[in-house]
Amino acid sequence: MDIFDHAQSRRKSASSPLADRMRPRDLSEFVGQEEILGPGTLLRTSIEEDSLSSLIFWGPPGSGKTTLARIIAERSESRFVAFSAVTSGIKDVKEIIAEAKEDLKYSERRTILFVDEIHRFNKAQQDVFLPYVEDGTVTLIGATTENPSFEINSALLSRCRTYVFAALETEDLLEILRRALRDRERGMSLDIPGDRTILVDDDALAHIAGHAHGDARVALSGLEIAVRNTPADENGEIHVVRAVAEEAMQKRALLYDKGGEEHYNIISALHKSVRDSDPDAALYWVTRMIEGGEEPLYIARRLIRMAVEDVGLADPRALSVTVAAKDAYHFLGTPEGELALVEAAVYLAVTPKSNAIYTGFKRAQADVRAHGALPVPLVIRNAPTSLMKDIGYGKGYKYSHDYEDAYVEQQRLPDRLADRTYYHPTDRGYEGRIKEWLEEFRARSERKKK
């Protein structure tokens, strides 16, 4: 039942996948998640002092949730039991809790219970943990890729501290890949017979890291495939170039994520059918996703994205419709709630379209990234103290509601960007009315300047 076999973990060989061999063995090897696991953080201190309370680890695949649980298992003096909610059931949980009670009663030894994919237990099943977390019989660590607010029993969630794991940054993945190339004990060299040198071009490594979507397992699997599929030259050197890395990442998707390519093809088809205002195609593709077993909340998230990216202010109701569809699915569940998702997809297809908000955001984002934290103009700064007022904060500020049509002429963008225009509304739907008003507003501004 225990998914962590420590004896085997110390005997990793070339027969084990690279991602398995390269799992961090202690906190010093753990890469990423500095915000929650950096030196001096509450979680790190709790692990180092073996004083954990019940926890929920929430984050995407390959971000380190299970790896951190393994590290805790190695460090803790408590009895550590781990299993996956995919392969085990409530009967197993009850047996573990019974053993935990015996341990606590006769040897005063605590039990840490790690439940991987805890969201696979429904909320009623999760009730089994509640009294034993509450009375300290077990310390629960649950790992989930789904939002705990939706998928974890609220009573149980309130008794656990939730830590959010982010997808790993590209630099984190590059560090993990370089370690795998350097490590003679567990790394890539174990896969290669004889005394051969492995050289991976920087752009090849960058491609693997950049296309792993923050998942360390995906990155290491891509590296493993690239190296294994590169023959050695006459000098015994294995030289991986970018083209091989690109092919390896394609192969990885097929080998390690069954149906993954089709998954992305179909969501792309739905998104483009909505964008092209084709309700029949939108209805077909969203139905394909539902019938294919796609996670309904994933569909809801993508529909919300379409509402803000492709409809925007051409129909401001689109966002409300898609969020309501998500809430309706939560309320009704399957199969009744699926119709709300279909309705939202068709609504998005037949409503006016505009990407003006999306493109405006991209323009503003480019300036923010290019120019950094430009200072706020003094005239619109907050001035809660006399010192701030004395140095010019808020000086000359005009309260727009005191003026005709609530219009005033004053600087609101940083000096360097004062003349920028980011939002260019279209003529479509409600955004056409916005365009008329905004053109008059901007024309009035220009007349004032003259």
Side-chain angles (χ1 to χ4, degrees), residues 8-34 59-64 66-67 70-71 165-265 268 369:
Q8 281 190 346
S9 72
R10 295 189 182 94
R11 296 196 302 271
K12 296 298 181 188
S13 67
S15 62
S16 304
L18 178 64
D20 193 32
R21 299 199 307 266
M22 288 303 299
R23 276 190 187 274
R25 296 165 294 190
D26 54 49
L27 290 174
S28 66
E29 293 183 354
F30 198 94
V31 177
Q33 313 306 340
E34 285 294 314
S63 56
T66 304
T67 293
R70 287 175 180 265
I71 292 171
F165 284 61
L168 294 175
E169 298 289 341
T170 300
E171 284 303 316
D172 295 330
L173 294 175
L174 284 170
E175 171 60 23
I176 290 168
L177 293 172
R178 288 173 183 137
R179 283 188 186 180
L181 291 171
R182 292 194 304 263
D183 195 315
R184 308 295 297 179
E185 205 179 298
R186 299 177 294 154
M188 199 63 245
S189 59
L190 287 185
D191 289 338
I192 307 304
D195 188 20
R196 294 180 176 175
T197 302
I198 301 171
L199 176 64
V200 182
D201 287 350
D202 287 343
D203 61 345
L205 272 185
H207 181 84
I208 293 171
H211 286 75
H213 306 295
D215 188 324
R217 281 194 300 268
V218 168
L220 288 166
S221 298
L223 176 64
E224 188 171 27
I225 291 171
V227 172
R228 285 183 174 180
N229 285 277
T230 301
D233 63 18
E234 63 276 9
N235 298 318
E237 182 178 87
I238 294 173
H239 184 184
V240 178
V241 297
R242 183 188 173 98
V244 175
E246 290 173 356
E247 186 178 358
M249 293 307 284
Q250 290 172 1
K251 288 182 179 179
R252 181 220 55 81
L254 295 174
L255 290 172
Y256 292 89
D257 185 14
K258 292 180 180 178
E261 181 181 357
E262 196 65 1
H263 162 84
Y264 290 110
N265 285 340
S268 176
R369 291 177 176 177

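Fair warning: this is a prediction, and the values are worked out from it, not measured in the lab.
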* Nearest heavy-atom pair of A248 and G222: which atoms, and what distance? -> CB-O, 3.6 Å
* Is any side-chain heavy atom of D203 closer than 4.5 Å to a side-chain heavy atom of H207? -> no
* Asked: Does V227 reach the side chain of L18, with side-chain heavy atoms less than 4.5 Å apart?
  -> no
* **Close side-chain approach of D233 and H239, heavy atoms under 4.5 Å** => no
* Reference residue E175; test side-chain contact (heavy atoms from CB on, under 4.5 Å); the match among V31, T170, L168 -> V31
* Structure fact -> NE2 of H211 to NE2 of H213, rounded to nearest 0.5 Å, is 7.0 Å
* Asked: Just how far is it from atom CD of E34 to atom CD of E169, taken to the nearest 0.5 Å?
  -> 11.5 Å
* **Evaluation steps, side chain to side chain contact (heavy atoms under 4.5 Å, CB included), between I176 and M22** => CA-CA 8 Å; I176 290 168; M22 288 303 299; 5.8 Å; no
* To do: Could you tell me whether the side chain of E247 reaches within less than 4.5 Å of the side chain of N229, counting heavy atoms only?
  => no
* Per the side-chain contact (heavy atoms from CB on, under 4.5 Å) rule, which among V200, I208, D172 passes with L177? -> I208
* If every non-hydrogen atom of A180 is compared with every non-hydrogen atom of L223, which pair is closest and at what distance? -> CB-CD2, 4.1 Å
* To do: Would you check if L205 and L181 make a side-chain contact, meaning some heavy-atom pair closer than 4.5 Å?
  => yes
* To do: Please confirm whether the backbone N or O of E29 pairs with a side-chain atom of D26, one donor and one acceptor, at under 3.5 Å?
  => yes
* Do you know which two heavy atoms are closest between A245 and A204, and how far apart they sit? -> CB-O, 3.6 Å
* To do: Check for a donor-acceptor pair, side chain of E224 on one end and backbone N or O of M188 on the other, with a separation under 3.5 Å.
  => no
* **Which atom of R179 lies closest to which atom of S28, heavy atoms considered** => NH2-O, 4.2 Å
* To do: Determine whether more than 12 heavy atoms belonging to other residues, nucleotides or ligands lie under 6.0 Å from atom CZ of R369.
  => no
* To do: Check for a donor-acceptor pair, side chain of R21 on one end and backbone N or O of G187 on the other, with a separation under 3.5 Å.
  => yes
* Which value, rounded to the nearest 0.5 Å, describes the distance between R23 atom CZ and R217 atom CZ? -> 6.5 Å
* For A212 and L173, work out which heavy atoms get closest and say how close. => CB-CD1, 3.9 Å
* **D20 CG to T67 OG1 distance, which is reported to the nearest 0.5 Å** => 9.0 Å
* **Point-to-point distance, once rounded to the nearest 0.5 Å, from CG of D202 to CZ of R242** => 12.0 Å
* Check: Q33 side chain, S63 main-chain N or O, donor-acceptor pair, under 3.5 Å -> yes
